[in-house]
Amino acid sequence: MLTQLLKSKLHHAVVTETNPEYHGSITIDADLLEASGLLPNEAVTIADCANGNRFETYVILGKRGSGVIGINGAAALLTSIGNRVIVMSYVLVEPHEVRKHKSRVVVCNTFNRVAEIISAPSHL
């Protein structure tokens, strides 16, 4: 049996651009990817804190230091520039891996820079 756990999370990232004409994805600053452990092409769930919309897409590498959080494709219609979003990825683990697993949560400031990094254990 596998358990799905949070792998990585960007908390309160600010949407800097939307492009409904692009073929889909979320563009994320390379600094935020590195800090969170998110990977280019990784599947993510996004929750918009302003309107409650949730959607899934995949990560595209953004320019390092740019602070970019770009929502592309049809998902661009579910958010707006300036909205805060939560970007989450998940991992499947075997029962014996749960005690070793720690998710990485990156809290973003209003400029999409790392304000805090939290390592959260997955056991009681």
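Quick caveat: nothing in here was measured; it's all calculated off a predicted structure. In this chain, residues are counted from 1 in sequence order. All values below were derived from every heavy atom in this structure, side-chain atoms included, with hydrogens, water molecules and symmetry-related copies excluded.
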Exercise. Using side-chain contact (heavy atoms from CB on, under 4.5 Å) as the criterion, list what pairs up with V98, not counting sequence neighbours.
Key: L5, V93, S122
Exercise. Decide yes or no for I118 and V107: does some side-chain heavy atom of the first lie under 4.5 Å from some side-chain heavy atom of the second?
Key: yes
Quiz item: Which pair of heavy atoms, one from S66 and one from K63, lies closest together, and at what distance?
Solution: OG-O, 2.6 Å
Self-check item: Candidate pair L10 and I86, rule side-chain contact (heavy atoms from CB on, under 4.5 Å), full reasoning
Solution: CA-CA 6 Å; L10 294 177; I86 300 169; over 6 Å; no
Quiz item: Mind checking what makes side-chain contact (heavy atoms from CB on, under 4.5 Å) contact with N51, not counting sequence neighbours?
Solution: D48, N53, N83
Self-check item: Approximate separation, where rounding is to 0.5 Å, of H12 NE2 and C108 SG
Solution: 10.0 Å
Quiz item: CG/L2 to CD/E97 distance, rounded to the nearest 0.5 angstrom?
Solution: 8.5 Å
Quiz item: Taking all non-hydrogen atoms of both residues, which atom of S89 and which atom of A43 are closest, and how far apart?
Solution: CB-O, 3.8 Å
Quiz item: Do I69 and I26 come close enough that some side-chain heavy atom pair is under 4.5 Å?
Solution: yes
Self-check item: Verify same cluster id: L78, V44 (apolar side-chain graph, 4.5 Å)
Solution: yes
Practice problem: Supply the atom-to-atom distance R104 CZ to L6 CG, rounded to the nearest 0.5 angstrom. | Solution: 12.0 Å
Quiz prompt | Among T27, N19, T16, T79, the one residue meeting side chain to side chain contact (heavy atoms under 4.5 Å, CB included) with I71 | solution = T79
Practice problem: List the steps, then state whether side-chain contact (heavy atoms from CB on, under 4.5 Å) holds for E17 with V68. | Solution: CA-CA 7 Å; E17 57 188 50; V68 66; 3.7 Å; yes
Exercise. Hey, could you give me the CG/CD distance between L61 and E34, rounded to the nearest 0.5 Å?
Key: 10.5 Å
Quiz prompt | Interatomic spacing from NZ in K7 to OH in Y90 - rounded to 0.5 Å | solution = 12.5 Å
Self-check item: Derivation and outcome, side-chain contact (heavy atoms from CB on, under 4.5 Å), residues L32 and N112
Solution: CA-CA 8 Å; L32 292 175; N112 289 333; 4.1 Å; yes
Quiz prompt | Derivation and outcome, side-chain contact (heavy atoms from CB on, under 4.5 Å), residues N72 and E21 | solution = CA-CA 7 Å; N72 305 308; E21 300 305 317; over 6 Å; no
Self-check item: Nearest non-hydrogen partners of R64 and D29, listed with the distance
Solution: CA-OD1, 3.6 Å
Exercise. Flag the pair I28 / V87 as yes when at least one side-chain heavy-atom distance between them is below 4.5 Å, and no otherwise.
Key: yes
Self-check item: From CD1 (I60) to CG (N41), nearest 0.5 Å
Solution: 7.5 Å
Self-check item: Sidechain-backbone polar pair: S36 side chain, S8 backbone, donor-acceptor under 3.5 Å
Solution: no
Quiz item: Is there a path from F55 to V59 through hydrophobic residues (I, L, V, M, F, W, Y) whose side chains come within less than 4.5 Å of each other?
Solution: yes
Self-check item: Minimum heavy-atom distance between M88 and K9, given as atom pair plus value
Solution: CG-CG, 4.1 Å
Quiz item: Does R113 reach the main-chain N or O of D31 with its side chain, forming a donor-acceptor pair under 3.5 Å?
Solution: no
Self-check item: Pairwise side-chain contact, T57 with I46, heavy-atom cut-off 4.5 Å (strictly under)
Solution: yes
